[in-house]
Number of protein chains: 2
Amino acid sequence: MTFQAIESQSTAELLAEQIRDAILVGKLHPGDRLIEQELSESFKTSRGPIREAIRILATEGLVEHRKNRGAIVAAPNFDDVLEVYAMRMSMGSIAVTHASQLSLETELDVRKVTKKLEAMRTAVGGNANRMISLDLDFQSALIALGALPRITEMFEQTAVDIGVFVRFLGIKYDDSDHKELISRHEKLLKAIKEGNASQAIEIWNGHIQASVREFMKPFSEVEINELFERPLMNNLFEMEMKR
Amino acid sequence: MTFQAIESQSTAELLAEQIRDAILVGKLHPGDRLIEQELSESFKTSRGPIREAIRILATEGLVEHRKNRGAIVAAPNFDDVLEVYAMRMSMGSIAVTHASQLSLETELDVRKVTKKLEAMRTAVGGNANRMISLDLDFQSALIALGALPRITEMFEQTAVDIGVFVRFLGIKYDDSDHKELISRHEKLLKAIKEGNASQAIEIWNGHIQASVREFMKPFSEVEINELFERPLMNNLFEMEMKR
DNA sequence: GAATTGTAGATTGTTGACAATTTAGGAGTA
DNA sequence: TACTCCTAAATTGTCAACAATCTACAATTC
């Protein structure tokens, strides 16, 4: 028998994870400073690994690194939401198409996606953040089917972004849509397995649009109409520019 | 009057630049090891900044970082070319569309693009690598007009990728196409300024396709036909799947 | 002889000390 | 008061030494 290689994370990665979670959970707020010595003391490590962790978070865009002045937690706005989802829509289309056209030697990966979907199914009624996180996991696994490393990587990245948006722009997961969400995901996976790329893309785009709409819910009628004036909304909602 | 803040690069960034150039220029080959101590000795610095530089290059994908085993220069293949250009095509479409729809308060940025174009014009007959690099500069500046930070950032990133491809997959810049290239760029910029998004996209996509074709030139007829079998080629050449 | 185990050398990971830079606030000046 | 200049504290940047880990190869076993 053969075991899967276990790869222990480096201290820096571990630290980055902890700090990232602290931001996503709201223990750290936009504008808060990350002071190397403070962190190294509370994590009981030296400043070296902390530095690396901060650099990791900086490339993720979670913190902003100013030369000689340290890092601060970054603050997102709605333009960021639109950009991130525009990226996810079109990159996702590529990945999903590619996955559809690949002869699924990716058997193992398909298993992973199914598993994520299962996790979502059993998690009905859980709290909103948990559901959102599971949904993002599913999407990441799905996109990974495309076997395009850079695009997959970019998805991981934008998933972190979305975590920040959820935290700082506020969003409530709508439980009533849960069933619909899962059935959409099922259809999407099915389309990919059957090699029906165009259908897969259609479902994918629909999902992205639904996600963006979630972010618009906290806004008023008037504000939403204003949002639809923004250029990027074209990319996301193409023809049907009216709700 | 007000001056633009001059921001001196950190040692690590400087080092990363040096090493990156060494890779792009071919002084370092895929598989070569980057040994921290060696580098720190030849750069006359300590290992700290070297470490950071290597981490930077690792996130750029130029080197591969193996835990406890150091970093090696990464090796690209044609799949990478296809993925990178697929990303540039669709991300570029978003940026170009967005730029077209923006009321050009981006006056300053437009100036920058024009300048890059001018640089290309005056550089006729220069060596191939120089032309390619100028072309990439132009494209980056153009995409920056979209004012979408993540997409702009991604373009910088994939430009580095392309540098690696050019170096290690070989490509010869075709001087005879030079005029056509520049006139295409002019039309593209003009379309954006006039807010003609659909035309801009069309030109953009054409340019991407032309770039990919450049990378296919070293291949034989038979090999090229094989390339067109690859799923990703659909995204790049859509309908016209025959040369 | 092939496979396994042990070991020395090379290399990365971590640490605490010191240097350089930035920031904030007070003293001095008009 | 408003402004500039200066200084001290806070903080990041750099360094060299030490610890942990990996690689290659020799020694050992079957």
Side-chain angles (χ1 to χ4, degrees), chain A residues 1-20 22-23 28-75, chain B residues 1-20 22-23 28-75:
Chain A
M1 109 136 254
T2 156
F3 286 104
Q4 189 176 359
I6 95 146
E7 43 205 50
S8 64
Q9 290 172 298
S10 71
T11 315
E13 279 167 346
L14 241 30
L15 289 169
E17 209 165 272
Q18 296 274 319
I19 300 172
R20 188 187 300 116
I23 295 174
L28 289 168
H29 306 87
D32 280 0
R33 298 184 59 188
L34 297 180
I35 290 156
E36 295 180 2
Q37 187 155 6
E38 266 181 24
L39 292 170
S40 70
E41 276 163 17
S42 61
F43 281 118
K44 301 255 194 306
T45 173
S46 73
R47 278 175 52 218
I50 297 281
R51 265 167 154 268
E52 264 187 58
I54 289 179
R55 158 139 263 137
I56 292 173
L57 297 173
T59 65
E60 288 176 2
L62 266 179
V63 309
E64 196 178 325
H65 185 89
R66 297 126 355 126
K67 186 171 149 64
N68 280 320
R69 308 197 302 151
I72 58 171
V73 178
Chain B
M1 111 135 251
T2 156
F3 285 105
Q4 189 174 0
I6 130 150
E7 44 205 47
S8 65
Q9 290 173 298
S10 71
T11 316
E13 279 167 348
L14 241 28
L15 290 169
E17 209 164 271
Q18 296 275 319
I19 301 172
R20 188 187 300 116
I23 295 175
L28 289 169
H29 305 86
D32 280 1
R33 297 184 59 189
L34 297 180
I35 291 157
E36 294 180 2
Q37 187 155 9
E38 265 181 24
L39 293 170
S40 70
E41 277 163 16
S42 62
F43 281 118
K44 301 255 192 310
T45 172
S46 74
R47 280 176 52 219
I50 296 281
R51 262 167 158 270
E52 265 188 57
I54 290 179
R55 160 139 264 139
I56 292 173
L57 296 173
T59 64
E60 288 177 1
L62 266 180
V63 308
E64 195 178 325
H65 185 89
R66 296 125 358 125
K67 187 173 149 60
N68 280 323
R69 307 198 299 150
I72 57 171
V73 178

**Study point:** Lys/Arg N to Asp/Glu carboxylate O, A:E38 vs A:R33, below 4.0 Å
**Key:** no
**Study point:** B:D32/B:I72 under side-chain contact (heavy atoms from CB on, under 4.5 Å): CA gap, chis, key distance, verdict
**Key:** CA-CA 5 Å; B:D32 280 1; B:I72 57 171; over 6 Å; no
Exercise for review: Let me see the working for A:F43 and A:T11 under side-chain contact (heavy atoms from CB on, under 4.5 Å), right down to the final yes or no.
Suggested key: CA-CA 10 Å; A:F43 281 118; A:T11 315; over 6 Å; no
Point to revise | d(CD, A:E36; P, D:dG13) in whole Å | key: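 So the CD-P distance, A:E36 to D:dG13, works out to 6 Å.
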Point to revise | Length of the line joining A:I72:CD1 and D:dT11:P, which is rounded to integer Å | key: 15 Å
Do any N or O atoms of the protein come closer than 3.5 Å to N or O atoms of nucleotides 21-24 of chain D, and which pairs are they?
from   : atom 1 : to    : atom 2 : distance (Å)
D:dT21 : O3'    : B:N68 : ND2    : 3.0
D:dT23 : OP1    : B:R69 : NE     : 3.1
D:dT23 : OP1    : B:R69 : NH1    : 2.3

Could you tell me which non-hydrogen atom of [X] sits nearest to which non-hydrogen atom of [Y], and how far apart they are?
X     : Y     : value
B:A16 : B:A53 : N-CB, 3.6 Å
B:K67 : A:Q9  : NZ-O, 4.2 Å
B:A12 : B:P49 : CB-O, 3.7 Å

Review point. Nucleotide range of DNA chain C contacted by chain B, 5' to 3', under 4.0 Å to a heavy atom?
Key: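 On DNA chain C, the outermost contacted nucleotides are C:dT11 to C:dT14.
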Point to revise | Test item: B:L34 and B:V63 side chains (from C-beta on) under 4.5 Å apart, heavy atoms | key: yes
Check your understanding: Atom CG of B:L57 and atom CD of B:E52: how far apart are they, to the nearest 0.5 Å?
Key -> 11.5 Å
Exercise for review: Calculate, to the nearest 0.5 Å, the distance between atoms CZ and NE2 belonging to B:R55 and B:H65 respectively.
Suggested key: 6.0 Å
Exercise for review: Report which part of the nucleic acid B:L34 touches: base, sugar-phosphate, or nothing (heavy-atom distance under 4.0 Å, all strands).
Suggested key: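 The residue B:L34 makes sugar-phosphate contact but no base contact.
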Check your understanding: Does a sphere of radius 6.0 Å around CD in B:E64 hold more than 12 heavy atoms from other residues, nucleotides or ligands, not counting ones at 6.0 Å or beyond?
Key ->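 Atom CD in B:E64 is not crowded, with 12 or fewer foreign heavy atoms closer than 6.0 Å.
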Could you go through nucleotides 14-18 of chain D and list every protein N or O atom that sits under 3.5 Å from one of its N or O atoms, giving the distance for each pair?
from   : atom 1 : to    : atom 2 : distance (Å)
D:dT14 : OP1    : B:T11 : OG1    : 2.2
D:dC15 : OP2    : B:T45 : OG1    : 2.8
D:dC15 : OP2    : B:S46 : N      : 2.9
D:dC15 : OP2    : B:S46 : OG     : 3.2

